[in-house]
J.: 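This is the structure I want to talk about, given as structure tokens.
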Amino acid sequence: MTDISITLYKGESASVPVGTTVGEAISTLLSNKQRKRTVAARINDSITDFTTPLTEDVTLTPVQIGSDEAFDILRHSTAHIMALAVREIFGPDIKIAIGPSIENGFYYDFLRTEPFNPEDFDKIETKMEELVRQALPFTRTEIQSSAAISRFDAEDEKYKVELIRDLESDTVTLYQVGDFTDLCRGPHLPNTSFIRAFKLLRVAGAYWRGDENNDVLQRIYGTSFFDRKELKKYLNALEEAKKRDHRKLGKELELFTVKEDIGAGLILWQPKGAQLRRLVEDYWKDEHYRHDYDLLYTPHIARQDLWKTSGHLDFYNENMYAPMDIDGIAYQLKPMNCPFHIGVYNNRKRSYRELPIRWCELGTVYRYERAGALHGLLRVRGFTQDDAHIFCRPDQLEDEIFNILELNLLILKTFGFDQYDIYLSTRPEKYVGSDENWDLATESLKLALEKKGLNFEIDPGEGVFYGPKIDIKIKDQLGRSWQCSTIQVDFNLPERFHLSYIGKDNSEHQPIMIHRALMGSLERFIGVLIEHYAGVFPLWFAPVQARILNITDDQFEYCEKIFKLLRQGGIRIEKDLRNEKLSYKIREAQVNKIPYMLIIGEKEKENGTITVRLRDGKNLPPMTASEFIDKVADEVREGRGI
RNA sequence: GCCCACGUAGCUCAGUCGGUAGAGCGCAUCCUUGGUAAGGAUGAGGUCACCGGUUCAAAUCCGGUCGUGGGCUCCA
């Protein structure tokens, strides 16, 4: 038998017989301690598990506990163990679909007539523990697809058969753990002893292959870690996220509500939420004015013909609400603001000298969302976009995109977001506009991103039919990602509405249109802000900046006086002059996450001062009302980055 | 829209086997006037989401509708 050479990436090498498995190679090359941390190996670009035999000279990079790849393998293997446990408990009548690893965990889809319930979870988890303890090996076999089909056919595993048929490959790989054999590409853990901490989290319905015409399967979600502490940490993080849930905080802090009798997905802003929203809006308008945008206001409904011209009736109809009859003419609620801005553009002839035109609007739109998609402020049926449309010449496109990116990042940063994932989506299969225009626009988007020094990923073919786009997903305090900003080039509407400007050559040209929303929708953005800040808003957009707390009724009048002074001084102020103990009022102000508590007792009344208590419990030296006003103004200016 | 779970006071929740409803917080009144995270007493407050059915009797069982949650799908 011939020998082959195995080399460890940046390390040892050895000569071993052909057919040596990856696992054996790892044992040869790595110390015992290192080996225990190794779950697979990377060869070239693919990850291979221990059972794979080696046939030629290779360089191995161990995949070790702690890496993303290792988690992937762990969770995938845990999914198999769960499937094995489910099979052992509920028998072969349960059909299995797919069970991949996902971000932070895994799932497995099953077809079963009765629903899984929490008691089942206990049973399944107990069974899994039992299986894991046996240190069962995962064994890999490669077999002919036809053999695999007849095998799964015999077991009546129709999903597996369908998968193999669709693979259109001569051979497939099977993985066996215990008595459970699954069609699977792998790789898997060497054995189940690596699975040290796992938890089943929830069960949900899911269509086979995500298609609602297919069977509804039951999906069990779970997560898995290499040690118990990490699992505990993760579960704590889930708890933390629950505490920050904007729906919970929205209720507790009286920011917004949704009423069944008013309608699902329709937000009522309570005074404090409205204040928060006003502050976001004012900042947004100021910043846009500073960046040479002009503000528009447009109506909520328009004649149906407008939506015919814009193409929304053809392409967006399923998201639009039914028309209403007004004096025999059909009108529809707007799902987008663009046709209205175009109406302003087309109000008169435009010269090339006017371009670029930048018009922005906090425009409230209504879109039909399926009932099951609605979610707090994050997915609603009526929402306000921080919309803008830029009409420009082709030679201005790149600069305009660059300017938008600058404003975009500035606004995000002001609200405390400085981490994002950026995607550039290119031409899809079905599209309108010329190839040259698409190339120009795509190139402009790319150059602008590069000029701004931003890393981005290209999403090939994911652009909208009317033009390429940039999407920015922001990351919040907990590292969760939210789609907010979008910048889209549009060749379609200028064509449909015959937009034009008179060029230097005295002939008509078509402008390019850019749609962009930076916060996306105010509802969603504020929802994300609530979770990002856990309801503890910075002073500059805290709905209530300070609350006056008196110590006894004797300071009642002095408190009223201070209250008036501060309110006139522009402080968002409240007073709590109830007949309660100071500590009681402090607790409540703390729970309400109010930045400053202004404590007023006999001392303050005599000296004409207030005592400022911070959220962290510290007190500032006594100051006068006007000193406090100045202090707040300074901090607000700083917070807004002015 | 689909699958599963849920809907009881303003909020958070309890309510057994079907016998007409309870707590804490909040609110009101009174006592207390207390200096940095909950002082005490009394009281008001419910069409048990809505509609229908079964039953002598429904918060409880059944059906439908609406809403909420976890997902699928879609997306700002």
Side-chain angles (χ1 to χ4, degrees), chain A residues 107 109 111-118 201-221 242 245 247-248 251-252 254 257-266 316 318-319 335-337 363-365 367-387 464 471-473 482-486 488 515-525 527-528 549-556 578-592 597 599-604 611-619:
Chain A
Y107 66 79
D109 285 345
L111 180 67
R112 181 186 181 217
T113 22
E114 287 112 72
F116 289 108
N117 57 45
L201 297 173
R202 53 178 169 266
V203 60
Y207 300 107
W208 167 237
R209 298 190 141 183
D211 185 335
E212 58 191 271
N213 299 312
N214 291 341
D215 294 342
V216 177
L217 307 171
Q218 291 192 62
R219 176 171 295 178
I220 300 180
Y221 285 89
K242 231 186 232 170
D245 191 313
R247 294 165 300 189
K248 184 174 183 286
K251 203 178 272 181
E252 286 171 3
E254 303 196 285
T257 186
V258 182
K259 286 262 164 275
E260 183 173 345
D261 53 355
I262 287 175
L266 302 171
Y316 209 71
E318 60 195 35
N319 289 298
M336 293 188 192
N337 302 301
T364 303
V365 297
R367 299 182 186 174
Y368 171 72
E369 291 292 342
R370 303 164 110 193
L374 301 175
H375 183 94
L377 290 176
L378 301 180
R379 187 128 218 107
V380 294
R381 287 182 171 157
F383 60 98
T384 302
Q385 288 185 304
D386 68 316
D387 210 355
V464 205
D471 286 323
I472 301 180
K473 289 189 179 176
W482 308 92
Q483 154 90 64
C484 291
S485 314
T486 183
Q488 309 184 350
H515 310 250
R516 44 112 285 194
L518 309 182
M519 303 187 290
S521 90
L522 285 172
E523 284 74 7
R524 168 176 293 178
F525 194 72
V528 173
L549 313 179
N550 62 333
I551 291 175
T552 71
D553 289 347
D554 292 339
Q555 300 91 44
F556 193 89
R578 291 174 301 176
N579 175 11
E580 295 290 352
K581 287 194 169 175
L582 180 61
S583 53
Y584 180 92
K585 298 187 198 183
I586 285 180
R587 179 177 188 277
E588 202 162 281
Q590 194 80 35
V591 167
N592 289 324
M597 295 169 221
I599 294 164
I600 293 175
E602 255 338 86
K603 267 188 291 178
E604 288 79 3
T611 293
V612 180
R613 184 192 198 269
L614 309 177
R615 273 190 284 223
D616 65 6
K618 292 192 186 99
N619 279 355

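Lettering of chains follows the sequences in order, A, B, ..., and the numbering in each one begins at 1. Just so you know, these numbers come straight off a predicted model, no measurement behind them.
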J.: Using a cut-off of under 3.5 Å, enumerate the N/O to N/O pairs linking the protein to nucleotides 5-11 of chain B.
T.:
none

J.: Describe the nucleic acid contact of A:Y368 in one word from base, sugar-phosphate, nothing, applying a heavy-atom distance below 4.0 Å.
T.: sugar-phosphate

J.: How would you label the contact of A:E604 with the nucleic acid (heavy atoms, under 4.0 Å): base, sugar-phosphate, or nothing?
T.: base

J.: Give me the atom names and distance for the closest heavy-atom approach of A:V258 to A:L266.
T.: CG1-O, 3.7 Å

J.: Could I get the full list of side-chain contact (heavy atoms from CB on, under 4.5 Å) partners for A:S521, not counting sequence neighbours?
T.: A:F383, A:E523, A:R524

J.: Under 5.5 Å between ring centres and under 30° between planes: does that hold for A:Y584 against the base of B:A37?
T.: no

J.: Excluding sequence neighbours, so at least two apart, what forms side-chain hydrogen bond (donor to acceptor under 3.5 Å, both in side chains) with A:D387?
T.: A:N337

J.: In chain order, what residues pass the side-chain hydrogen bond (donor to acceptor under 3.5 Å, both in side chains) check against A:R367, with sequence neighbours excluded?
T.: A:Y316

J.: What are the two closest heavy atoms between A:Y207 and A:N214, and how far apart are they?
T.: CD2-O, 3.9 Å

J.: Please name all residues satisfying side-chain hydrogen bond (donor to acceptor under 3.5 Å, both in side chains) with A:Q555, sequence neighbours left out, ordered by chain then number.
T.: A:T552, A:E602

J.: Can you tell me, in whole Å, how much space there is between the C1' of B:G52 and that of B:C66?
T.: 14 Å

J.: Who are the side-chain hydrogen bond (donor to acceptor under 3.5 Å, both in side chains) partners of A:T257, not counting sequence neighbours?
T.: none

J.: Is there a side-chain contact between A:H375 and the phosphate of B:C75, meaning an N or O under 4.0 Å from OP1 or OP2?
T.: no

J.: Which residues satisfy the salt bridge (charged side-chain N to carboxylate O under 4.0 Å, His left out) test with A:D616, sequence neighbours excluded?
T.: A:K618

J.: Checking A:R587 now: which residues fulfil salt bridge (charged side-chain N to carboxylate O under 4.0 Å, His left out) with it, not counting sequence neighbours?
T.: none

J.: Taking only residues two or more places apart in sequence or in another chain, which ones pass side-chain contact (heavy atoms from CB on, under 4.5 Å) with A:R202?
T.: A:Y221

J.: If you look at every strand shown and take non-hydrogen atoms under 4.0 Å, does A:D261 touch a base, only sugar-phosphate, or nothing?
T.: nothing

J.: How is A:V365 classified with respect to the nucleic acid when contacts are heavy atoms under 4.0 Å: base, sugar-phosphate, or nothing?
T.: nothing

J.: With rounding to the closest Å, how many angstrom separate the P atoms on B:G39 and B:U33?
T.: 15 Å

J.: With a 3.5 Å cut-off and just heavy-atom distances, do the side chain of A:E369 and the base of B:A76 make a donor-acceptor pair?
T.: yes

J.: Categorize A:E602 for me: base, sugar-phosphate, or nothing, with a 4.0 angstrom heavy-atom threshold over every strand shown.
T.: base

J.: Taking only Watson-Crick and G-U wobble pairs with both distances under 3.5 Å, what dot-bracket line describes RNA chain B, where [ ] shows pairs that cross earlier ones and | shows pairs with another strand?
T.: (((((((..((((.....[..)))).(((((.......))))).....(((((..]....))))))))))))....

J.: Please pick, from B:G39, B:G34, B:C72, the nucleotide with the shortest atom-to-atom distance to any side-chain atom of A:E580.
T.: B:G39

J.: Who are the side-chain contact (heavy atoms from CB on, under 4.5 Å) partners of A:R370, not counting sequence neighbours?
T.: A:E212, A:Y368

J.: Check every atom of B:G70, B:C75, B:G35 against the side chain of A:R247 and return the nucleotide holding the closest atom.
T.: B:G70

J.: Below 4.0 angstrom from OP1 or OP2 of B:A76, is there any side-chain N or O of A:R379?
T.: no

J.: Where along residues 202-211 of chain A does a heavy atom fall under 4.0 Å from RNA chain B?
T.: A:R202, A:A204, A:G205, A:A206, A:Y207, A:G210

J.: Any side-chain N or O of A:Y221 under 4.0 Å from OP1/OP2 of B:C4?
T.: no

J.: Using the C1' atom as the point on both nucleotides, what is the distance between B:A14 and B:C25, in whole Å?
T.: 15 Å

J.: Is the base of B:A38 touched by the side chain of A:R587 through a donor-acceptor pair closer than 3.5 angstrom?
T.: yes

J.: Can you tell me how far P of B:C3 sits from CZ of A:F116, to the nearest Å?
T.: 17 Å

J.: Indicate yes or no: does A:R247 engage A:D245 in a salt bridge with an N to O separation below 4.0 Å.
T.: yes

J.: Determine the contact category for A:S485: base if any of its heavy atoms lies under 4.0 Å from a base atom, sugar-phosphate if only primed atoms, P, OP1 or OP2 are that close, otherwise nothing.
T.: nothing

J.: With C1' as the reference atom in both, quote the distance from B:U65 to B:G7 in angstrom, rounded to an integer.
T.: 14 Å

